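Working notes for the structure below.
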Amino acid sequence: SLPRLSAAADRTEGVVNRLLAVLAEGGQLLRENPHAVAFDRALRVESAGHLQLERDSDMIYTGLRTVIGEIIRQSHRDGVLSADADVDGTTDAIFAVFQGLSAHAATASPERYRATSHALGLLIQGSLFGSADPR
């Protein structure tokens with residue numbers, strides 16, 4: 001999955017487009033492997049230590065975090081990451097949301113997952129909320 005996520009990010013430019021590409025590819029991976037999230041959850045609860053399954057599961061998420069980290073570091077180098085944002089904190093925040101979306105896939109219907117993924121895409125683009133903030 002890491003090569004596919006990296007390739008998806010590399011096919012486009014700009015932090016937003018690269019994150020959206022990773023989001024879309026991650027969704028495709030989940031559609032192709034619908035039991036992967038449930039399997040991952042089971043590993044974390046009942047992992048047999050000698051099989052090293054939990055370590056293998058962690059490698060999937062480590063790969064996702066690596067791809068996201070590369071995108072955020074590049075955005076920092078390009079000067080498009082907010083001066084108020086920490087590179088590691090931003091990476092962790094986006095990773096946490098992507099990881100949460102992955103966990104959501106284990107219980108959500110396909111329609112609900114698509115709606116949630118779409119909302120996340122709008123959030124990444126900065127267009128989830130209207131421009132008029134009534135505070």
Side-chain angles (χ1 to χ4, degrees):
S1 68
L2 176 59
R4 284 182 58 179
L5 295 173
S6 292
D10 290 343
R11 282 193 293 269
T12 189
E13 293 185 20
V15 64
V16 170
N17 288 334
R18 293 182 78 204
L19 288 171
L20 291 173
V22 171
L23 176 64
E25 189 63 30
Q28 182 62 35
L29 285 167
L30 288 173
R31 282 189 294 283
E32 292 170 9
N33 304 290
H35 302 293
V37 175
F39 180 70
D40 178 73
R41 289 175 121 181
L43 290 180
R44 292 177 186 283
V45 173
E46 305 266 346
S47 178
H50 66 283
L51 296 176
Q52 299 181 352
L53 295 175
E54 187 172 335
R55 184 207 65 200
D56 293 342
S57 172
D58 286 343
M59 289 174 61
I60 294 167
Y61 283 116
T62 300
L64 175 60
R65 190 186 185 290
T66 298
V67 171
I68 292 168
E70 290 170 1
I71 294 168
I72 300 306
R73 281 189 298 281
Q74 184 63 52
S75 73
H76 178 68
R77 286 189 298 272
D78 293 346
V80 296
L81 183 65
S82 171
D84 293 338
D86 174 77
V87 171
D88 290 332
T90 301
T91 299
D92 289 342
I94 293 171
F95 171 70
V97 171
F98 276 48
Q99 191 176 32
L101 180 64
S102 176
H104 177 63
T107 58
S109 68
E111 296 79 21
R112 186 70 173 190
Y113 175 83
R114 278 193 298 278
T116 305
S117 180
H118 178 73
L120 177 56
L122 293 173
L123 181 66
I124 291 169
Q125 294 174 68
S127 59
L128 182 60
F129 302 102
S131 59
D133 185 1
R135 293 182 204 231

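Nothing here was measured: the structure is a model prediction, and the numbers come from that model. Throughout, residue positions are numbered sequentially from 1 according to the sequence presented.
Separation of atoms OG (S117) and CZ (R114) is listed at 10.0 Å; rounding is to 0.5 Å. Here the straight-line distance linking atom CD1 of I94 with atom CG of L23 works out to 11.0 Å at 0.5 Å rounding. Annotation: the span from T91 atom OG1 to E70 atom CD amounts to 10.0 Å, rounded to 0.5 Å. Taken from CG in L81 to CD in Q74, the straight-line distance is 11.5 Å, to the nearest 0.5 Å.
Between V22 and L64, the closest side-chain pair of non-hydrogen atoms falls below 4.5 Å. A 4.5 Å side-chain heavy-atom check between H104 and R112 finds at least one atom pair inside the cut-off. Between L120 and L123, some side-chain heavy-atom pair lies under the 4.5 Å cut-off. You'll find the side chain of L101 stays beyond 4.5 Å of the side chain of V97, heavy atoms only. The closest side-chain heavy-atom distance from R65 to D92 is below 4.5 Å. Looking at E32 and Q28, their side chains come closer than 4.5 Å, going by heavy atoms from C-beta outward. No side-chain heavy atom of T66 sits less than 4.5 Å from a side-chain heavy atom of L5.
Closest non-hydrogen pair, Y113 versus G27, comes out as OH-CA, 3.5 Å. Taking both residues in full, the closest heavy atoms of V67 and A9 are given as CG1-CB, 4.2 Å, listed atom of the first, atom of the second, then distance. Nearest heavy atom pair, residue T12 against residue A21, reads CG2-CB, 4.1 Å.
At least one donor-acceptor pair closer than 3.5 Å links the side chain of S75 to the backbone N or O of I72. In this structure, Q125 contributes its side chain and G121 its backbone to a donor-acceptor pair below 3.5 Å.
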Show your reasoning for whether side chain to side chain contact (heavy atoms under 4.5 Å, CB included) applies to L20 and I124. CA-CA 8 Å; L20 291 173; I124 291 169; 4.2 Å; yes
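Within a 6.0 Å sphere centred on CD of E13, heavy atoms belonging to other residues, nucleotides or ligands number 12 at most.
For the salt bridge (charged side-chain N to carboxylate O under 4.0 Å, His left out) criterion with E25, the lone passing option out of R4, R31, R18 is R4.
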